[in-house]
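The next block holds one structure in the form of structure tokens; read it before the comments.
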Amino acid sequence: MNIGLAAFAGLLLLLYSVYFYHIMKGRPQEFEIELVRALAEWMINRGPASRSQLWMFYVLSLILEIIYFSLVFYLLNNAVIKLFTIFLASFEALHLGMVGINLSRFFGGSMPLKNLLNWPIERTSAVLFFTHTLLVVINIIYLH
């Protein structure tokens with residue numbers, strides 16, 4: 001089970017490392033603008049189907065986060081990691097709640113696409129997730 005968690009955390013670490021790199025360079029805005037452009041292009045190409053697909057991605061990310069945090073909490077026996085996991089899971093619950101509200105507003109026509117994501121919150125989430133997954137991988141490699 002620890003190998004599965006290590007693979008899961010490693011994959012998340014790789015995914016978040018791209019955004020983390022841009023944040024650490026001090027120019028995350030360029031990357032964020034590119035993300036919004038790519039999302040807009042994807043939505044145009046998908047047409048009306050993009051609405052249900054975006055909601056599906058939202059629900060999938062919620063499920064994956066629940067699985068990840070549960071695995072970390074139950075498989076790792078490190079008090080610092082467990083406290084960090086509780087903190088991050090709480091932060092992510094608020095974060096995903098805000099994203100869900102913004103998705104509803106966007107699809108309801110009361111919010112432009114460029115405001116869908118709160119970039120300071122997204123940056124904080126990315127840094128916290130990067131740090132957490134790195135600590136989880138290190139913990140599994142060196143303590144198990």
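The analysis underlying the following values was restricted to heavy atoms, covering all of them including side chains, and did not include hydrogens, waters or symmetry mates. What you are looking at is a predicted structure, and each value in this text was computed from that prediction instead of being measured.
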Measure the spacing between CG of L88 and OG of S125 and express it to the nearest 0.5 Å.
7.0 Å

Is the shortest side-chain heavy-atom distance between H22 and R27 below 4.5 Å?
no

Between W42 and S50 the two heavy atoms that sit nearest each other are CZ3-CB, 3.7 Å

In terms of relative ring orientation, are F84 and F87 parallel, tilted or perpendicular, with 30° and 60° separating the classes?
parallel

Show me, pair by pair, the donor-acceptor contacts under 3.5 angstrom made by side chains of residues 68-76, not counting sequence neighbours?
from: Y68; atom 1: OH; to: H132; atom 2: ND1; distance (Å): 2.8
from: S70; atom 1: OG; to: I66; atom 2: O; distance (Å): 2.8

When hydrophobic residues are tied together by side-chain contacts of less than 4.5 Å, even through go-betweens, does L143 share a cluster with V80?
no

side-chain contact (heavy atoms from CB on, under 4.5 Å) between I121 and F91, intermediate numbers included:
CA-CA 10 Å; I121 299 292; F91 180 84; 4.1 Å; yes

Separation between NZ of K82 and OG1 of T85, rounded to the nearest 0.5 Å:
9.0 Å

Compare every heavy atom of W119 with every heavy atom of K114, then report the nearest pair and how far apart it is.
O-NE1, 4.2 Å

Transitive ILVMFWY side-chain link M24 to L135, under 4.5 Å
yes

Determine the interplanar angle of the F129 and Y16 rings, folded into 0 to 90°, and report it as parallel if under 30°, tilted if 30 to 60°, perpendicular if over 60°.
parallel

Sub-4.5 Å side-chain heavy-atom contact between L117 and L39
no

Separation between CD1 of I138 and CG of N78, rounded to the nearest 0.5 Å:
11.5 Å

Taking atom CD1 of I3 as the centre, does the number of heavy atoms from other residues, nucleotides or ligands within less than 6.0 Å exceed 12?
no

CA sep, side-chain torsions, deciding dist, call: F107, W55, side-chain contact (heavy atoms from CB on, under 4.5 Å)
CA-CA 10 Å; F107 287 122; W55 277 113; 3.5 Å; yes

Closest non-hydrogen atom pair, T133 against A9:
CB-O, 3.5 Å

Do Y142 and L5 belong to the same hydrophobic cluster, where Ile, Leu, Val, Met, Phe, Trp and Tyr are linked whenever their side-chain heavy atoms lie under 4.5 Å apart, directly or via other members?
yes

Return all side-chain donor-acceptor pairs below 3.5 angstrom for residues 93-105, not counting sequence neighbours, or 'none' if the list is empty.
from: H95; atom 1: ND1; to: E92; atom 2: OE1; distance (Å): 3.1
from: H95; atom 1: NE2; to: E122; atom 2: OE1; distance (Å): 3.3
from: H95; atom 1: NE2; to: E122; atom 2: OE2; distance (Å): 2.6
from: N102; atom 1: ND2; to: L116; atom 2: O; distance (Å): 3.1
from: S104; atom 1: OG; to: G100; atom 2: O; distance (Å): 3.3

So, taking the atom named CZ in R123 and the one named OH in Y19, what distance separates them when rounded to the nearest 0.5 Å?
5.5 Å

Give, for atom CZ of F20 and atom CG of L14, the distance between the pair rounded to the nearest 0.5 Å.
13.5 Å

For M1, does the CE atom have more than 12 heavy-atom neighbours from other residues, nucleotides or ligands under 6.0 Å away?
no

Between I81 and I141, is there shared hydrophobic-cluster membership here, with clusters defined by ILVMFWY side-chain heavy atoms closer than 4.5 Å?
yes

In the single-linkage hydrophobic clustering (I, L, V, M, F, W, Y; side-chain heavy atoms under 4.5 Å), do L64 and L11 co-cluster?
no

Closest approach of F8 to I67 (non-hydrogen atoms, all atoms of both residues):
CE1-CG2, 3.9 Å

Exercise: identify the closest heavy-atom pair between I23 and P28:
CG1-CB, 3.9 Å

Looking only at non-hydrogen atoms, find the nearest pair between G10 and V137 and report the distance.
N-CG2, 3.8 Å

